[in-house]
Amino acid sequence: QQQVKQSPQSLIVQKGGIPIINCAYENTAFDYFPWYQQFPGKGPALLIAIRPDVSEKKEGRFTISFNKSAKQFSLHIMDSQPGDSATYFCAASSGSARQLTFGSGTQLTVLP
Amino acid sequence: IAGITQAPTSQILAAGRRMTLRCTQDMRHNAMYWYRQDLGLGLRLIHYSNTAGTTGKGEVPDGYSVSRANTDDFPLTLASAVPSQTSVYFCASSAWPLRSSYNEQFFGPGTRLTVL
């Protein structure tokens, strides 16, 4: 049972475009929503994270939008660059164990 | 350089053989995790340990075992490997709960395992 659903599975944009990756969840107990970035041959690394008490968080060119009522959150990459080409995972956690539940991943390709 | 190391980098293993994947962190993190990554399925938690001496089962624990004798090491053992365990395995650690309110996890470089 996948508790965090991520789409699309893959995404191709031109340099300067704004790719958007979406995630949806069912568990209303989730209270921490991070995004991880993974380059080929590497482990995932935390990119940006949001708590449900805010609707948007920006860090550089990366923005998370959060819609608590719809139980959805998304990652926007402004002015995308070829170096942003990677696999992106959304995740969520809750409870005392604070274990992360990951989405299935989105492979982003930014064309030069 | 502080971080997580995993060994081996890759391994080809015959079905039925026993295999231990090693994971060591030098960040003095309390929590450690093992994930497997499969195309289209994302990262799935196999086992975790919130602190030395304790372990717990994740989403896909069958066929795997772990131990946490000390803070730094968290080996993952496949007692009798099967082809469905072919995957990329990632170890991760987190300062939660003692030094962080939220579970930022740091990942190792991964072990690519092929079971024939």
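In this text, all values refer to a predicted model and were calculated from it rather than measured experimentally. Proteins come first, then strands; the chains are lettered A, B, ... in the order of their sequence lines, and each starts at number 1. Side chains included, hydrogens not; waters and symmetry mates left out as well; all remaining heavy atoms used.
- Here A:F66 and A:F33 bring their ring centres to under 6.0 angstrom of each other.
- The six-membered or imidazole ring of B:Y33 lies away from that of B:F90, with a centre-to-centre distance of 6.0 Å or more.
- For A:Q38, the part sitting under 4.5 Å from any heavy atom of chain B is the side chain, from C-beta outward, and nothing else.
- Residues of residues 40-47 of chain A lying under 4.5 angstrom from chain B, judged on non-hydrogen atoms, are A:G41, A:K42, A:G43, A:P44, A:L46 in numerical order.
- Using a cutoff of 4.0 Å between basic side-chain nitrogens and carboxylate oxygens, A:R61 and A:D84 are scored as salt-bridged.
- With respect to the salt-bridge test (charged N to carboxylate O, under 4.0 angstrom), the residues B:D38 and B:R44 qualify.
- Salt bridge status for B:D72 with B:R28: present, with a side-chain N to carboxylate O gap under 4.0 Å.
- A side chain to side chain contact (heavy atoms under 4.5 Å, CB included) with A:Y36 is found for one member of A:L100, A:I48, A:T87 and no other, namely A:L100.
- Contacts between B:Q6 and chain A at a heavy-atom distance below 4.5 Å are absent for every atom of the residue.
- With a 4.5 Å cut-off on non-hydrogen atoms, B:L43 touches chain A through its backbone and its side chain both.
- The stretch residues 41-64 of chain A participates, sequence neighbours left out, in no ring-ring contact (aromatic ring centres under 6.0 Å, His included) pair at all.
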